[in-house]
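Letters A, B, ... are given to chains in the order of the sequence lines, protein chains preceding strands, and every chain is numbered from 1. The figures that follow rest on heavy atoms only: side chains count, while hydrogens, waters and symmetry mates do not.
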Protein chains: 2
Amino acid sequence: MTRGRPLAFSPDQAIAQAMQVFWAQGYNSASTRDLLAAMQISRSSLYQAFGNKEQLFLEALHRYRDNLVARLQRTLTASPSALAFIEGLFRDTARDACSERAALGCLIFNSASELGQRGDAPSREAAVAVAAIRQLFHQAVLQAQEEGDIDAGRDAAMLANYLTLSMAGLRTLLKSGASAEDAGGAVEQVLTGLR
Amino acid sequence: MTRGRPLAFSPDQAIAQAMQVFWAQGYNSASTRDLLAAMQISRSSLYQAFGNKEQLFLEALHRYRDNLVARLQRTLTASPSALAFIEGLFRDTARDACSERAALGCLIFNSASELGQRGDAPSREAAVAVAAIRQLFHQAVLQAQEEGDIDAGRDAAMLANYLTLSMAGLRTLLKSGASAEDAGGAVEQVLTGLR
DNA sequence: GTATTTTTGGATCGATTGTTCCATATTTAT
DNA sequence: ATAAATATGGAACAATCGATCCAAAAATAC
């Protein structure tokens, strides 16, 4: 089986760089020039390896989602309790208000907000990614109920929606320049509602 | 004082049409072609009357903010109580999940999410608009405290941040395709936290 | 070494971006 | 009627958009 000339770049690294561009600029505003510069590959290589801008975005968003969910799963496992995981996640996000990471927001919520319900593949992928976050919160709530930190009689799916809504809102609040104090106060109110 | 040839269009109506385009597509994705088509004016007239795309957006967002705040103020005044106003606002938004209005979201939160902390005029105007929403919630919370519906000992500014966060999150949730049931359930949890 | 396969660099494509410019049209002031 | 002032329509601008094409480069297979 003939192979031909090998790739001069790592597709994984290239996608990771593209992800950063989409993260910082959004899908529509990220130009192929920006992407090529960040990925350090030629125009031909991009279209040869990834098809087009839309497919590259789908790969980048998928990668972001997988990385995020995996990281949160690990954090959840390492936490003393599911409730502590949820509280830590929200408090850490609020505490990080002034970082450039906070200014970027979350690629998933950014994409959901930008692409809305357009019906094309990027829009659907964004909705799938939001659903993945909701599912992770759902799992955490169920675990917290088993651990006795959240009343078992409450609707776990509803609380998962509530936490997804709250995290999305927190990210928007931070994007609008909210201080760590303002964000932290609101987050405590969100968490109070959990118990 | 000489006046010259009068405008062949209404600047107010033109801005209103431009607002719709920015609302549906976002600042960056709204092209001047789209704007001209919606405003029904010529290219020259746009630049003559509004300067450029950025200034037109600033006018459109400012108009949107003024209209929204005025409408909410009227609704608040007409409501039997400030708490009823807040509850109605959130419940109505969630109930409207499947409408095309919900798919558009809110221009203010859309802009805050898209423009983030870029530091330019559109970005700053978006932050100002979010602050206006927070202030309106602040006023409503203070009134609800006077009316005895919210414990007067609680931090009104914090609750205003909480409500702003919640509304922003609700809009993102709806943009990702959440059902009226899912959104409604999460909203009830948000409102439970108020009392 | 020759043939084959795949990647790469770079030119190039038509379309679109936001913006400017100018001649023309239309109004008011005198 | 004439002059001044303003608005309009449309051509044109350079820059950039996403995408394609082709020859040269670099690997493997025989």
Side-chain angles (χ1 to χ4, degrees), chain A residues 1-15 17-61 111 114-115 118-123 125, chain B residues 1-61 111 114-115 118 120-123 125:
Chain A
M1 162 153 109
T2 65
R3 286 291 310 268
R5 178 175 171 179
L7 284 173
F9 62 94
S10 155
D12 272 15
Q13 287 185 11
I15 291 179
Q17 295 302 317
M19 191 179 75
Q20 298 289 334
V21 177
F22 286 125
W23 196 354
Q25 309 197 24
Y27 172 61
N28 285 299
S29 294
S31 72
T32 52
R33 303 191 96 178
D34 300 329
L35 291 165
L36 295 177
M39 299 167 79
Q40 301 264 50
I41 65 177
S42 77
R43 203 160 207 88
S44 307
S45 301
L46 190 155
Y47 285 91
Q48 166 86 6
F50 304 106
N52 55 29
K53 179 183 168 181
E54 177 177 304
Q55 293 177 34
L56 176 61
F57 174 75
L58 292 177
E59 293 231 40
L61 180 52
S111 301
E114 176 187 2
L115 306 174
R118 276 195 329 203
D120 56 5
S123 159
E125 177 64 29
Chain B
M1 164 156 115
T2 64
R3 286 292 310 272
R5 178 174 169 180
L7 284 173
F9 62 94
S10 157
D12 272 14
Q13 287 185 11
I15 292 180
Q17 297 301 318
M19 190 180 75
Q20 297 289 334
V21 176
F22 286 125
W23 197 353
Q25 308 198 25
Y27 173 61
N28 286 298
S29 293
S31 72
T32 52
R33 303 191 87 165
D34 300 330
L35 292 165
L36 294 177
M39 299 167 80
Q40 301 264 50
I41 65 176
S42 79
R43 207 160 206 85
S44 307
S45 301
L46 189 155
Y47 284 89
Q48 167 86 6
F50 303 106
N52 56 28
K53 179 183 167 182
E54 176 176 305
Q55 293 177 33
L56 176 61
F57 174 75
L58 293 177
E59 294 232 41
L61 180 52
S111 301
E114 177 188 2
L115 306 174
R118 277 194 330 201
D120 56 3
S123 159
E125 178 64 30

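- Across the protein-nucleic acid pair, B:Arg33 atom CZ and D:dC17 atom P stand 17 Å apart, rounded to whole Å.
- The distance between atom CD of B:Gln48 and atom P of C:dT27, rounded to the nearest whole Å, is 16 Å.
- The distance between atom CE of A:Met39 and atom P of D:dG18, rounded to the nearest whole Å, is 13 Å.
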Steps toward side chain to side chain contact (heavy atoms under 4.5 Å, CB included) verdict (A:Leu35, A:Phe57): CA-CA 10 Å; A:Leu35 291 165; A:Phe57 174 75; over 6 Å; no
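- The closest side-chain heavy-atom distance from A:Glu114 to A:Tyr27 is below 4.5 Å.
- Atom-to-atom, CD1 of B:Ile41 to P of D:dG9 comes out at 9 Å; the value is rounded to the nearest Å.
- Dashed line: the shortest gap from a side-chain N or O of A:Ser42 to OP1 or OP2 of C:dT8 is not under 4.0 Å.
- Spacing between atom CG of A:Leu46 and atom P of D:dC17 amounts to 13 Å, rounded to whole angstrom units.
- Put simply, A:Thr32 has a side-chain N or O that comes within less than 4.0 Å of OP1 or OP2 on D:dG18.
- The separation between A:Tyr47 atom OH and C:dG9 atom P is 16 Å, rounded to whole Å.
- With the nearest nucleotide of DNA chain D identified for both A:Ser44 and A:Asn28, A:Asn28 has the one nearer the 5' end.
- Atoms CG (A:Leu56) and P (D:dC17) sit 15 Å apart, rounded to a whole Å.
- Checking the phosphate oxygens (OP1, OP2) of C:dT8, a side-chain nitrogen or oxygen of A:Ser45 falls inside 4.0 Å.
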